[in-house]
Asks: 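Take this structure first; my questions come after.
Bear in mind that the values here come from a model prediction, so they are computed numbers and not experimental data.
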Amino acid sequence: MSLISGIASVLAIGLLSPVQSILALICLFLSIAISLYINGYVLMGILYILVYVGAIAILFLFILSLLNIEYTPVGGMNPLIIFLILIMFLPFDISFESYSPIESINTVTNELDIVGTLFYSEYALILLLLGIILVLSVIGAIAITR
């Protein structure tokens, strides 16, 4: 997954279209989440998908669609060629990956219980503030378009 992460990070910076760049960023977040999940960091992989792909990247796409930016292509990378290169390098990436043993379900459940208890007891105020910030960012995106 490290090769896919590297290619996706270069594409996120190098692509000229903002929508294509954010889609490459989503691919980067997904590959990092899969890598974390495979290496035994189950909760961090799930949180990467929930937080980055589920909230932040979708918020970026929402804002870009509302702003209605006119984009004139001036050349750049063809997405079909990039997709074919990623598919071509995928077997090399999988074959050189060292996998850690899969954790038992009880360990994952205990990890989720501990994090859930901490979120809703010790860090409840921070969780509420983050929710308010995300709601305000959506309201700000809507206000920008008017």
Asks: Find the distance between CG (L11) and CG (L25) and round it off to the nearest 0.5 Å.
Replies: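 L11 atom CG to L25 atom CG measures 11.0 Å (nearest 0.5 Å).
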Asks: Ignoring hydrogens, what is the shortest heavy-atom contact between A33 and G45? Give both atom names and the distance.
Replies: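 For A33 versus G45, the nearest heavy atoms are CB-O, 3.4 Å.
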Asks: Decide whether L47 and Y120 are clustered together by the hydrophobic rule: side chain heavy atoms of Ile, Leu, Val, Met, Phe, Trp, Tyr closer than 4.5 Å, transitively.
Replies: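 Yes.
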Asks: How far apart are the closest heavy atoms of A24 and A8, and which atoms are they?
Replies: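 Heavy atoms of A24 and A8 come nearest at O-CB, 3.7 Å.
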Asks: Is there a path of hydrophobic side-chain contacts, each under 4.5 Å between heavy atoms of I/L/V/M/F/W/Y residues, joining I126 to I114?
Replies: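 Yes, same cluster.
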Asks: Checking L50 now: which residues fulfil side chain to side chain contact (heavy atoms under 4.5 Å, CB included) with it, not counting sequence neighbours?
Replies: I46
Asks: Hey, any chance V51 and L134 share a hydrophobic cluster, counting ILVMFWY side chains that come within less than 4.5 Å of each other, even indirectly?
Replies: no
Asks: Atom CD1 of I49 and atom CG of L36: how far apart are they, to the nearest 0.5 Å?
Replies: 9.5 Å
Asks: Hey, could you give me the CG/CD1 distance between L28 and I7, rounded to the nearest 0.5 Å?
Replies: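 Nearest 0.5 Å value for the CG-CD1 distance: 11.5 Å.
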Asks: According to ring pair (Phe, Tyr, Trp, His ring centres under 6.0 Å), who are the partners of Y52, at least two apart in sequence or on a separate chain?
Replies: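 Residues passing ring pair (Phe, Tyr, Trp, His ring centres under 6.0 Å) with Y52: F29, Y48.
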Asks: With no hydrogens and no angle check, is any side-chain donor or acceptor of S35 less than 3.5 Å from a backbone partner on I32?
Replies: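 No, because the side chain of S35 does not come within donor-acceptor range (under 3.5 Å) of the backbone of I32.
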Asks: For the backbone of A12 and the side chain of S21, can you confirm whether one donor and one acceptor N or O come within less than 3.5 Å of each other?
Replies: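 Pair found, side chain donor or acceptor close to backbone of A12.
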Asks: With the side chain counted from C-beta on, respond yes when V135 and I132 share a heavy-atom pair under 4.5 Å apart, and no when they do not.
Replies: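 When only atoms from C-beta onward are counted, I132 and V135 do not touch, as no gap falls below 4.5 Å.
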Asks: Do I142 and I144 belong together in a cluster built from hydrophobic side chains that touch within less than 4.5 Å?
Replies: yes
Asks: Hey, quick one: are L118 and L129 part of the same hydrophobic cluster, counting side-chain heavy atoms closer than 4.5 Å, chains of contacts allowed?
Replies: no
